[in-house]
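Notes to accompany the following structure.
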Amino acid sequence: MLTCEWNSQEGWGQPKITPYQPLSLDPCSSALHYATECFEGMKAYRNWSTGEVRIFRPELNAVRLNKSAARVSLPSFDEQEFVKVLQVLVGLEKRWLACKQDLEATSASTQEDEGDFIYIRPFLIGTGNTLGLSKPVEALFVIVTSRMARYNAQPLKLLASSPAEMVRAWPAGFGNSKVGANYGPSIQWQGYAAQQGYDQVLWLFDEDKKFVTEAGGANFFVVWRAGDKLELVTAPMSSGTVLEGITRRSILELARDRMPELTVIEREFGVQEIIEAARESRLLEAFLCGTAYFVAPVKTIGVDGQDISVPLQFGKSGEYAAKIKQWLMEIMYGDCDHEWGIRVY
Ligand SMILES: *Cc1c(COP(=O)(O)O)cnc(C)c1O
């Protein structure tokens with residue numbers, strides 16, 4: 001793990017890499033009482049044939065971390081330094097990811113290991129030893145990593161939330177920052193959805209308009225036909241109720257660049273529009289996207305006791321989600337050279 005301490009007098013100290021171990025914190029640490037915490041989620045990928053390791057657009061995580069940090073009065077971490085320390089840490093940990101040469105050299109790994117990745121969790125917390133409700137004068141930046149097996153998300157069942165009872169985020173709030181305070185309180189609805197047999201919550205906002213914002217901890221897209229147009233639609237950043245996912249942004253960029261048949265739209269839309277599109281057989285796809293879930297097709301959306309069926313033309317995925325997922329995988333795993341895939345040495 002990597003740690004780096006900060007205090008308001010001296011600024012950032014020297015980053016340290018140590019074995020994974022518990023942190024020692026003052027019980028009055030700001031993060032424990034006032035949720036002065038923000039985090040990032042990233043992955044490192046190794047190409048099975050070449051053994052090369054890459055991280056995906058880490059400079060965007062650096063920018064977002066600082067945006068989240070500012071929202072909870074934490075110090076910013078130099079963005080170039082963020083990418084640099086990440087490179088050093090992943091450079092050490094990449095030995096946990098197998099590749100074809102390893103397979104030939106030892107019997108420790110098998111083809112089953114192909115596609116495994118390292119999950120990277122950078123986070124920043126307010127520390128210090130006073131309970132005063134004020135800007136933390138001490139902070140700690142940490143990065144932990146964990147090897148995880150590749151998995152292919154099965155098509156998901158979403159349960160739409162009831163905005164009269166609970167919302168994930170609201171305008172001028174902090175749903176557009178990756179701060180821990182957004183997530184703890186969302187687990188309650190997630191638990192309710194699971195109890196009802198659904199995989200994730202589709203977070204709606206506004207009791208009347210029931211705007212579709214995000215799903216679980218991921219961004220949400222639909223593909224539908226509108227007149228003679230084929231539209232790829234997602235909620236806009238302007239409402240402040242959506243986190244600006246790097247996967248979301250990359251999908252918008254790829255779709256605008258490589259899918260001329262699609263009209264790409266960021267706008268507010270209500271769940272009623274999905275219901276109507278489904279009823280008129282215009283709904284073609286829905287999917288979640290984010291680092292954790294990657295691109296996960298949706299097969300069902302439960303709204304007010306009714307289940308809307310989302311088509312899956314390719315059996316386990318819609319056509320567009322499948323294509324986008326393939327392109328992103330090629331970039332992440334370095335099957336093609338692309339400026340978004342940053343090599344780790
Ligand atoms: C992290 C996160 C996402 C996805 O962001 P990526 O950068 O694509 O991983 C989307 N929504 C929420 C609420 C998140 O926390």
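Both counts, for ligands and for their atoms, begin at 1 and track the order of listing.
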Task: Ile246 contact mode with ligand 1 (heavy-atom cut-off under 4.0 Å) - done: both
TODO: Give the numbers and elements of all ligand 1 atoms closer than 4.0 Å to a heavy atom of Arg168.
DONE: 13 (C)
TODO: Could you tell me which atoms of ligand 1, counted from 1 in the order shown, lie closer than 4.0 angstrom to a heavy atom of Ala218?
DONE: 10 (C), 11 (N)
Task: Spacing of OG belonging to Ser49 relative to CG belonging to Asp335, to within rounding of 0.5 Å - done: 7.5 Å
TODO: Could you label the plane-to-plane angle of the Trp12 and Trp6 rings as parallel, tilted or perpendicular, counting under 30° as parallel and over 60° as perpendicular?
DONE: tilted
Open item on the list: Classify the ring geometry of Tyr45 against Phe117: parallel below 30°, tilted from 30° to 60°, perpendicular beyond 60°.
Closed with: tilted
Open item on the list: Would Arg64 count as being in polar contact with ligand 1, using the rule that some N or O on each side must be under 3.5 angstrom apart?
Closed with: yes
TODO: Measure from atom 3 (C) of ligand 1 to every heavy atom in Gly245, Gly290, Gly217 and give the option owning the shortest one.
DONE: Gly217
At what distance is the nearest protein heavy atom to [atom], and which residue and atom is it?
atom	result
atom 2 (C) of ligand 1	Lys178 NZ, 2.6 Å
atom 9 (O) of ligand 1	Thr291 OG1, 2.6 Å
atom 15 (O) of ligand 1	Tyr183 OH, 2.5 Å
atom 10 (C) of ligand 1	Glu214 OE1, 3.3 Å
atom 8 (O) of ligand 1	Thr247 OG1, 2.6 Å

Open item on the list: Would Arg57 and Trp340 count as a cation-pi pair here, with the cationic atom under 6.0 angstrom from the ring centre and within 45° of the axis?
Closed with: yes
Task: Glu40 to ligand 1, any heavy atom closer than 4.0 Å - done: no
Task: Within-shell test, Met42 vs ligand 1, heavy atom, strictly < 4.0 Å - done: no
State plainly whether the residues [X] and [Y] are in salt-bridge range, i.e. N to O under 4.0 Å.
X	Y	result
Glu273	Arg282	no
Glu231	Lys229	no
Arg150	Glu114	no

TODO: Assess the pair Phe211 and Phe205: is the distance between their ring centroids shorter than 6.0 Å?
DONE: no
